[in-house]
J.: 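A single structure is presented below for examination.
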There are 2 protein chains.
Amino acid sequence: MATVDDVAKAAGVSISTVSYALSGKRSISHGTRERVLKAAAELDYLPRASARMLAANRSQIIAVTAPLHADTDHSVHMQFAMEVTKEARALDYDTLLLVHDDPMEAMRRSAGTALADGIIVLDVDAHDARADLARRLDYPVVFVGIPADTTGLMCVDLDFEAAARMAVDRLVDAGHRGIGLISHPRVTMDRESNFPLRFLSSFEDRCREHGIDFAVAYPDEHSATRAVSELLAALPHLTGLVLNTGSDVAADSLPALLAHGFTVPHDVSVIAAAAAYTTHHLGVPIDRIPLDAHASCAAAVDLLVAAIDRGERGARTVLLPPEYQDFGSVRTPAG
Amino acid sequence: MATVDDVAKAAGVSISTVSYALSGKRSISHGTRERVLKAAAELDYLPRASARMLAANRSQIIAVTAPLHADTDHSVHMQFAMEVTKEARALDYDTLLLVHDDPMEAMRRSAGTALADGIIVLDVDAHDARADLARRLDYPVVFVGIPADTTGLMCVDLDFEAAARMAVDRLVDAGHRGIGLISHPRVTMDRESNFPLRFLSSFEDRCREHGIDFAVAYPDEHSATRAVSELLAALPHLTGLVLNTGSDVAADSLPALLAHGFTVPHDVSVIAAAAAYTTHHLGVPIDRIPLDAHASCAAAVDLLVAAIDRGERGARTVLLPPEYQDFGSVRTPAG
DNA sequence: CTGTTAGCGCCTTCAT
DNA sequence: ATGAAGGCGCTAACAG
C-alpha cells in the first residue's frame, strides 16, 4: 500500500505537492504534475479513504435509508437504490445501504459517526418518523417522497397529484363518464405510504370537478381479480380504468377484465399512472405515466450534494412534472 | 460533535481510559466505566468513523458488487443485497453498494483506498472477470455464486446441481418418463450466468442416467408461452415440468399450459426449482426447491468476516444443500 | 509554483 | 487499573 510519502519520494517532491497535484486544488507546473502522476501510477497509489476522510472532514459517502415493508415492491426499491448509486458515483460519492429494523438508529449513527456526509430517504410515509429526525439532525437529508409535513425538509418526487389529474383528464376528454381506480393494497394504505394517498385524493377531487362517476378498489397483493369485480359492481357503466398500483396487479388486471368479458381498449380504456414498470409487454400495450426512478433519484442526489458541497440547505420541495406516453389504450367509449 | 477528549474531561479520566471503557478491550474498574459511559451518553458521543478507521486500520464496511444486466431480476437482486446488509449489520459491518458500469474499477478502488474491508460478489458468470481480479487482489472477497474456475477463491451458493437432481428424481420416482425444463432466457445463458448452466447440465445428466426423455426450452423474458409450446412439440408425452426460471415466467407457465389444455397437477406435474420467489399464490400451489437468499448471503458474509477479522482466507467452496417443499403439484401421471 | 507543518480523532503500546 | 504519547495518512493553512 503506497502512501503520499512514497509517491513524493519517487517523484522527488514534497507530499503537499503530491496532494495538490492529485486533487488539482492549486496550480502545479506541468512538469511536476506529470512526474507526480507517473509516480502515483507506477506505485498504484490510491489515497487511503480513512485518512482523507479524517483530514478533509468529509467521507464522500451518501447513506440511503430504504425500509423493507412486507408489501414493499423489491423491484421498484432496487431501481431507486441503483439510481441513487449511479448519480452519486457521477458526483464522486459512494453509497451506503442502511436497511435494517431501525432506520432511526441507522440515521443517527451515520450522522453521529460522520460515516456518511448526508442521507437519501426512500419510501416515505405520510407521518414518517424519519422526517422529525431529519429536522432535528442538522445534517443534510433529502427525501424521495413527500411526508405530510415538509417544514424544514428537502424533498423530491413525481407530482402524483398532477399525474392523477392527467389520467382523469385524458379519460374524460375521450368521453368516459365512469372511471375506476385500482389503488394499492390495504396494508400499504394503512401504513400511510404517502404517494398512493396523494394520488388517490387528487383522483377523487378531479373526478368530482368533472362531475363524473368513479369508484376505487384496493387490490389484494399480486392479484387484481377481486378489485376488478368490486369496481364493476360499484360502477356498472365503467368504461375507464386507472391503475396506480404494482406491476403484478397491473399485469393481472387485463386478464381480470377479460374474465368479465371486457376487452382493452375496446370495452375499457386503461391508463397505468405513476408506473415504475413498463407496459408494452402486457399483451395489450397500455398508456403510461411513468414513475421515473432515474429522474427522481438524480434530482434528489443533486440536491443532497449541493447541500453537502455548497451548503445549500434551504428547505424546498421539488415536484417533477408527469409525462404522458400514448400507446393507444384510451379510446372513445362505444355506444 | 463530541470527541474522546470531551468525554475524558467530563468523566475525569484519560482518553485511553475512555477508549478502553467503550471498546472493552481491557479491564476497567466498574466505577470508572460507569462514569465514562454516563459522560458519553450525556454528550451523545459517537466515535468518528474516519478516525477510527485510520487508527484501527479497518473500516467495518463491506462492499457489494451487483452488476445490473438488462435481464437482471431486480427483485432477486434486491433480496440478496438486503440479506447481505442484514447479516453484515449483525456482525457490526456496514454495506457499500458498488453498482456501476465498471465493477473492476469499483473493486480496485474499494481495495486500494481501503474504503471497505472486503467484498461480496453477486450475480457471478462462469467466466467472470471479477474472479481473476479477486485472485490478484490479496484482499478478502467472497463470491455468492460459483465461477467456472474457483481456484484460490471463496464461494458460497445453493447446490444447483443437487437441486436439479432432486427435481428430476422426484418426478421420475412419481413415474414420469417425459420431463421438460424451462430454463432462463437466451441472453442470460449467452452471458454464461453460471447457475442456470450448472442447473441445466445437471438436469440433462440426471435425465440421461434415468434413461428418460427430456427437453429444454429457453423462454422469452416475462413470458412462458413460446417455451411451453416448444416443449410440448418436442416431447408430446411430456408429463413433468421443471421450472428453473424467473418468477414472471414461472407464473406465466401455468396459464400457458392451460392454453394447451393441460391442467396442473392433473395432466402435468410441476416443480419450481431454485426459486427465489414463493409459489403458493400461483393459483395452483407449486412444489418448490427454494433459492434461499438469506442462507446464501449469511453464509457468505460470515465467511468474509472470518477472513477479515480472523484472517481465515483459505480458498473454499460452500454448497448449500437444497430442500424440497411439497405443495402437491407432483402426482403419478394418469394412464 | 513549491515545501513545511500542524492538526483531524482515535487506537494502542509502553509506562506506571 | 490507569495515563501519556506516538503514530495512522492525508489536507490545508502558512511560509516562502
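Side chains included, hydrogens not; waters and symmetry mates left out as well; all remaining heavy atoms used. The sequence lines fix the lettering, A, B, ..., with proteins before strands; numbering per chain opens at 1.
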J.: With N194(B), which residues qualify under side-chain hydrogen bond (donor to acceptor under 3.5 Å, both in side chains), at least two apart?
T.: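 Listed in chain order: nothing, the list is empty.
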J.: Can you list everything that forms a side-chain hydrogen bond (donor to acceptor under 3.5 Å, both in side chains) with T188(B)? Sequence neighbours excluded, please.
T.: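 Counting only residues at least two positions away or on another chain, T188(B) forms a side-chain hydrogen bond (donor to acceptor under 3.5 Å, both in side chains) with D71(B).
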J.: Got a list of side-chain donor-acceptor pairs under 3.5 Å for residues 304-316 of chain B, not counting sequence neighbours?
T.:
residue	atom	partner	partner atom	Å
D309(B)	OD1	R58(B)	NH1	3.3
D309(B)	OD1	Y93(B)	OH	2.7
R310(B)	NE	E312(B)	OE2	3.3
R313(B)	NE	A307(B)	O	3.3
R316(B)	NE	G314(B)	O	3.2
R316(B)	NH2	E312(B)	O	3.2
R316(B)	NH2	G314(B)	O	3.2

J.: Using a strict heavy-atom distance below 4.0 Å, which residues from residues 30-39 of chain B are in contact with DNA chain C?
T.: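 None, since no heavy atom is under 4.0 Å.
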J.: Under the side-chain hydrogen bond (donor to acceptor under 3.5 Å, both in side chains) test, which residues partner T72(B), sequence neighbours left out?
T.: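 For T72(B) there are no side-chain hydrogen bond (donor to acceptor under 3.5 Å, both in side chains) partners, ignoring immediate neighbours.
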J.: Using a 4.0 Å heavy-atom cut-off to protein, can you give one letter per nucleotide of nucleotides 9-16 of chain C, 5' to 3': B if the base is in contact, S if only the sugar-phosphate is, - if neither?
T.: BBBBBB--
J.: For DNA chain D, which residues of residues 110-119 of chain B approach it to below 4.0 angstrom with any heavy atom?
T.: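 Within residues 110-119 of chain B, no residue comes under 4.0 Å of DNA chain D.
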J.: F195(B): which residues meet the ring-ring contact (aromatic ring centres under 6.0 Å, His included) condition with it, sequence neighbours left out?
T.: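 If we apply the ring-ring contact (aromatic ring centres under 6.0 Å, His included) test to F195(B), skipping adjacent residues, the hits are F160(B), H184(B).
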J.: List for me each residue that meets side-chain hydrogen bond (donor to acceptor under 3.5 Å, both in side chains) alongside D149(B), sequence neighbours excluded, and say none if there are none.
T.: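 side-chain hydrogen bond (donor to acceptor under 3.5 Å, both in side chains) list for D149(B), sorted by chain: T151(B).
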J.: By salt bridge (charged side-chain N to carboxylate O under 4.0 Å, His left out), which residues pair with R198(A), not counting sequence neighbours?
T.: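 Once residues adjacent in sequence are excluded, the partners of R198(A) under the salt bridge (charged side-chain N to carboxylate O under 4.0 Å, His left out) criterion are D157(A), E161(A).
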J.: Quantified as the angle between the terminal helix axes (five pairs each), what is the overall bend of the helix from dC1(C)-dG16(D) to dT16(C)-dA1(D) to 10 degrees?
T.: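 End-to-end axis angle: 40°.
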J.: Nucleotide range of DNA chain D contacted by chain A, 5' to 3', under 4.0 Å to a heavy atom?
T.: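 Contacts span dG9(D) to dC14(D), reading 5' to 3'.
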